[in-house]
Structures are given as structure tokens and as C-alpha cells.
**Q** 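Quick one: this structure, given as C-alpha cells, is what I'll be asking you about.
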2 protein chains.
Amino acid sequence: MSADAKKNYDHVLEVARDLLATQGADASLRDIARTAGVGLGTLYRHFPSREALLEALLRTSFDQLAIKAGQLDKTQPSDVALLSWLREIVAVAHKYSGAIKSMVAAIEDEGSALHASCVKMKAAGTRLLLRAQKQGAARPDIDGTDLFALVGALAWVADQPALGPRSDHIFNVIAGAILTDQ
Amino acid sequence: MSADAKKNYDHVLEVARDLLATQGADASLRDIARTAGVGLGTLYRHFPSREALLEALLRTSFDQLAIKAGQLDKTQPSDVALLSWLREIVAVAHKYSGAIKSMVAAIEDEGSALHASCVKMKAAGTRLLLRAQKQGAARPDIDGTDLFALVGALAWVADQPALGPRSDHIFNVIAGAILTDQ
DNA sequence: ACCTGAACACCGTTCAAGT
DNA sequence: ACCTGAACACCGTTCAAGT
């Protein structure tokens, strides 16, 4: 990629981050191209699908979250590690309102540009869940898919303006269902 | 409304029920009018907004559910009543995939055609929750809004094809968080 | 190589014109 | 009264034409 092309790529991504954060993950791609001052074709060549654009935006946060998962796993009690990680992935998903739907769909869609990233996220969560279960800190009858579904549920609640004020409390209720009283 | 107009109204509603159930609550209104064989203006006069159309579709189910709530309240132990009602409202919402978003938004939007229906639903759920809480069957630190948020979360999970297989299990996990062990 | 924007096939919504 | 469908302002997506 030439320096000029890279400049375009970066600028589109910057504008996209802004608009998707402000207007949600279904913001108009036309609008992004327009605001970035590039042709629609340029946006589409750099990001062949909305998922590809989302993936580029989420990659940084996902990578940090993967590292964080490793650190938490080593340094924190298993219940604390699991809850901290849950809180963070819900926040990342909520940053681009509506993105959680694509993330969940990507898990089973190998063709999605988000597939690899989301499978990795899910695996990181599953590891934290497994450790908590081994130590008796988390209920044994849920798996990584269930955990991801609960993340989806929490991110969806956070995305709804009418539920926003209660979403912290809902998080605690569901967190309480994942952890076992010890 | 003339007999001819009523025929149009009913036919549009019938077609809409079919298409929204098949394609989700965001199915094309143009498509509905086209399939029903009426002009777009006719659809819009009978149903001035997508919410109005959804309301007409949901009203029957909502009314039945309100009656059911009353019956359950009188005949069933409070925990059974609450869970049965939860299961049914989640199923009703899931029938028109994506409708739960409008339902949740309508609670705070007095201008929405769905407002009155959804406030009524929420009130019915709150009554069942309150009885369960009085009898110590439900955790005391949640309110009607939290219950509605959890209904939203469950309906959203059920709406996601990738999570569908687990959604019964997720229901049980969250139900377990609402009820107290006795 | 890279970029642009017209073109196509769709939307939701409104409203003049018809019966 | 009631209905129709053109018109408007938007989409997402593709691709010929330009540099």
C-alpha cells in the first residue's frame, strides 16, 4: 500500500471510529466516505464489508483485551478475573452501539471478517470461565457459548437508551448468576 | 371505516404478520404493501408508523398475556407464575424478530404507538414480580424496569440465530438469578 | 496502482391526483 | 372517503472511466 493509500485508509478509519461511536455500528457508509473526503469506491476497497470496517476498529481493543485476559488469569482470583474481563468486553462492544449483533453472528460465520477476532475473544472468555469453574467459583453448567450469549445480552441492554441507567445493575444480577456463592 | 377499507386493513395486517414473522420486525413496508396488493399510501394511512403496525400485531398476544398474568397470579405459586409469564412474553417478542428493541424503546417514548401496550405489559410483569418478592421467592433488589430489561435480554438472545440453540438454557440461568433459592 | 462517482436496485415517507 | 403511485431523499454495492 502506497503512502497516499495508507493515508486514505487511516483517515477513513478515524472518521469511521468517530461516526460509528456517535451514531452506532449501522451508521451510513456513504456518510463515512463523504466525511472522510474519499470516494465510495475507496472505502469499499479498503473495507470490503461493514464487518471488515468494524473488525479494523475493534482489533486494537480486542488485542488489548486478550492481553488483559492473560494478565487477569495469572494475577487475580478466578472470579475477579472473569468479572473484570466481562465488564471490559461489554464496554468494548457497547462503544459501537449495535456491533454486538455482528460479533455474535460472526462466531458461526466463517466468512465474516469478524470471525477470527470474535472466536479469539470467545476463547479467551472460555479460559477464564473454565478456571473459575475448576475452582468452584463459577456454576459448572454453562460453557463458552453461554458466556458469550450473556455478554451479548449485557451489551444489548447497555445499547438501549431506555435501559442504560439500569445496565450496571443488570450486569451485577447476571454476574451473580454466573458465579457461585462461596 | 367502510367495509372495503376494513378489508384492506385486515388483509394488510395478515400479510404483515406473515412477513414480519418470516423476515423480522424490520421487513420492508413496501414489500408488505406490494404483497397485500395495496398502494403504499393505504398502508401508511392504516398504520402511520412501523410501531403502529407492530402494535396491531402484538395487541392480541399482549391482551391474552395480560389475562394469563391475572390467572397465573391467582392460581399459581408466585415463582411459577412469574416464570411462566416470562417464558410467554419472551416467546411473543421473539415471534417478530427484532421487535423487542421497539418494545423497550416504547416504554420511555410516550409518542410511540407501542407505548400504552408496553407499559401495560411491564406493569403486569411488575405485579407478578412484587408478589414473588413479598413471598421471598424473588430477589428483592430488582424492579419492574430490571425485569423488563431481562426480558429484553432474553428475547434478544432468542433472536440471534447463532445463540438460538442455547437460549432455553440462558433462560434458566437468568431465571435462577431472579428467583431466590428457598 | 489507486481513486472517483455515476448507475442500479433498493428503502421510508409524503402527497397530488384520481375514483 | 378512500386509494394509488410518482416523487423525494436517502441507502448499500458495483464498476467503468479516469489519473
Side-chain angles (χ1 to χ4, degrees), chain A residues 1-57 96-99 101-102 105-106 109 111-114, chain B residues 1-57 96-99 101-102 105-106 109 111-114:
Chain A
M1 187 152 49
S2 76
D4 275 3
K6 172 127 182 53
K7 213 166 118 183
N8 268 338
Y9 178 95
D10 289 342
H11 189 223
V12 168
L13 205 54
E14 199 184 332
V15 168
R17 171 162 280 128
D18 210 58
L19 288 186
L20 296 210
T22 311
Q23 308 178 13
D26 55 352
S28 157
L29 298 180
R30 254 192 163 78
D31 219 22
I32 294 169
R34 210 155 30 209
T35 308
V38 303
L40 259 173
T42 301
L43 184 147
Y44 270 91
R45 195 159 18 73
H46 286 318
F47 308 102
S49 64
R50 191 181 286 275
E51 276 72 33
L53 187 54
L54 255 182
E55 203 275 334
L57 289 179
Y96 307 106
S97 180
K101 196 183 178 85
S102 304
D109 178 5
S112 166
L114 274 168
Chain B
M1 186 153 49
S2 76
D4 275 3
K6 171 127 182 54
K7 211 167 121 184
N8 268 338
Y9 178 96
D10 289 343
H11 189 224
V12 167
L13 204 54
E14 199 184 334
V15 169
R17 171 162 280 128
D18 209 58
L19 288 186
L20 295 210
T22 311
Q23 309 178 13
D26 55 352
S28 156
L29 298 180
R30 253 191 164 77
D31 220 20
I32 294 170
R34 210 155 31 210
T35 308
V38 302
L40 259 173
T42 301
L43 184 147
Y44 270 92
R45 195 159 19 75
H46 286 317
F47 309 102
S49 64
R50 190 181 287 275
E51 276 72 32
L53 187 54
L54 256 180
E55 203 275 333
L57 289 178
Y96 307 106
S97 179
K101 197 183 178 85
S102 304
D109 178 5
S112 167
L114 275 167

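Each chain gets a letter, A, B and so on, in the order its sequence line appears, and its residues count up from 1.
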**Q** How long is the gap from OH on B:Y44 to CZ on B:R50, to the nearest 0.5 Å?
**A**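 B:Y44 atom OH to B:R50 atom CZ measures 7.5 Å (nearest 0.5 Å).
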**Q** Starting at CG of B:L40 and ending at P of C:dC11, how long is that distance when rounded to a whole Å?
**A**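 Between P of C:dC11 and CG of B:L40: 10 Å.
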**Q** Between B:I32 (CD1) and C:dT13 (P), how many Å, whole number?
**A**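 In whole Å, C:dT13 P lies 12 Å from B:I32 CD1.
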**Q** D:dA9 P sits how many Å from A:R30 CZ, rounded?
**A**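 My rounded result for the distance is 14 Å.
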**Q** Does A:S28 make a side-chain N or O approach to OP1 or OP2 of D:dC10 shorter than 4.0 Å?
**A**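 No, because none of the side-chain N or O atoms of A:S28 sits under 4.0 Å from OP1 or OP2 of D:dC10.
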**Q** Looking at A:R34 and A:D31, does any basic side-chain N land under 4.0 Å from a carboxylate oxygen?
**A**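 Salt bridge flag = yes for A:D31 with A:R34.
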**Q** I want to check one thing: is the phosphate of D:dC3, taken as OP1 and OP2, less than 4.0 Å away from some side-chain N or O of B:H46?
**A**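 So the side chain of B:H46 is within the cut-off, an N or O lying under 4.0 Å from OP1 or OP2 of D:dC3.
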**Q** Output the rounded distance in Å from CE (B:M1) to C1' (D:dC3).
**A**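 B:M1 atom CE is separated from D:dC3 atom C1' by 14 Å.
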**Q** Please determine, for the side chain of B:V38, which listed nucleotide (D:dG12, C:dG12, D:dT4) has the closest atom?
**A**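 Selected nucleotide: D:dT4.
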**Q** Select from A:G41 and A:D31 the residue whose nearest nucleotide in DNA chain D is closer to the 5' end of that strand.
**A**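 This one resolves to A:D31.
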**Q** Could you tell me the separation between the CG atom of B:L57 and the OH atom of B:Y96, rounded to the nearest 0.5 Å?
**A**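 So the CG of B:L57 and the OH of B:Y96 are separated by 4.5 Å.
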**Q** What is the distance from NE2 of A:H11 to P of C:dT4, rounded to the nearest Å?
**A**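 Those two atoms, NE2 and P, are 12 Å apart.
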**Q** Quick one: the dot-bracket string of DNA chain D, using Watson-Crick and G-U wobble pairs with both distances under 3.5 Å, [ ] for crossing pairs and | for bases paired to another strand.
**A** ||.|||||...|||||.||
**Q** Between A:V15 and A:D18, is any pair of side-chain heavy atoms under 4.5 Å apart?
**A**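 No, too far: nothing below the 4.5 Å cut-off.
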**Q** How close or far is atom P of D:dC10 from atom CG of A:D26, stated in whole angstroms?
**A**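 In whole Å, D:dC10 P lies 17 Å from A:D26 CG.
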**Q** With side chains defined as the heavy atoms from C-beta onward, is the minimum distance between B:T42 and B:H46 less than 4.5 Å?
**A**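 Yes, their side chains come closer than 4.5 Å.
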**Q** Given the structure, check if the side chain of A:R50 and the base of D:dG12 hold any donor-acceptor pair shorter than 3.5 Å.
**A**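 A donor-acceptor contact between them is absent.
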**Q** Please report, rounded to the nearest Å, how far the P atom of D:dT13 is from the CG atom of A:L53.
**A**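 To the nearest whole Å, that distance equals 11 Å.
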**Q** Closest approach to the side chain of B:T42, judged atom by atom: which nucleotide of C:dG12, C:dC2, D:dT4 is it?
**A**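 The answer is D:dT4, which lies nearest to the side chain.
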**Q** Roughly, in whole Å, what's the span from CZ in B:R45 to P in C:dA16?
**A**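 Interatomic distance, CZ of B:R45 to P of C:dA16: 15 Å.
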**Q** Does a side-chain N or O from A:N8 land closer than 4.0 Å to OP1 or OP2 of C:dC3, or not?
**A**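 For A:N8, the contact criterion (side-chain N or O under 4.0 Å from OP1 or OP2 of C:dC3) is met.
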**Q** To the side chain of B:S2, which of C:dC3, D:dG5, D:dC2 is closest?
**A**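 The answer is D:dC2, which lies nearest to the side chain.
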**Q** Determine whether A:L53 and A:L13 satisfy the following criterion, side-chain contact (heavy atoms from CB on, under 4.5 Å), listing intermediate values before the conclusion.
**A** CA-CA 8 Å; A:L53 187 54; A:L13 205 54; 3.9 Å; yes
**Q** Given D:dC11, C:dC11, C:dC3, which nucleotide is nearest the side-chain atoms of A:R34?
**A**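 The nucleotide sitting nearest to the side chain is D:dC11.
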**Q** Would you call B:V38 and B:I32 a side-chain contact if the rule is heavy atoms closer than 4.5 Å?
**A**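 They are not in contact (no side-chain heavy atoms under 4.5 Å apart), so the answer is no.
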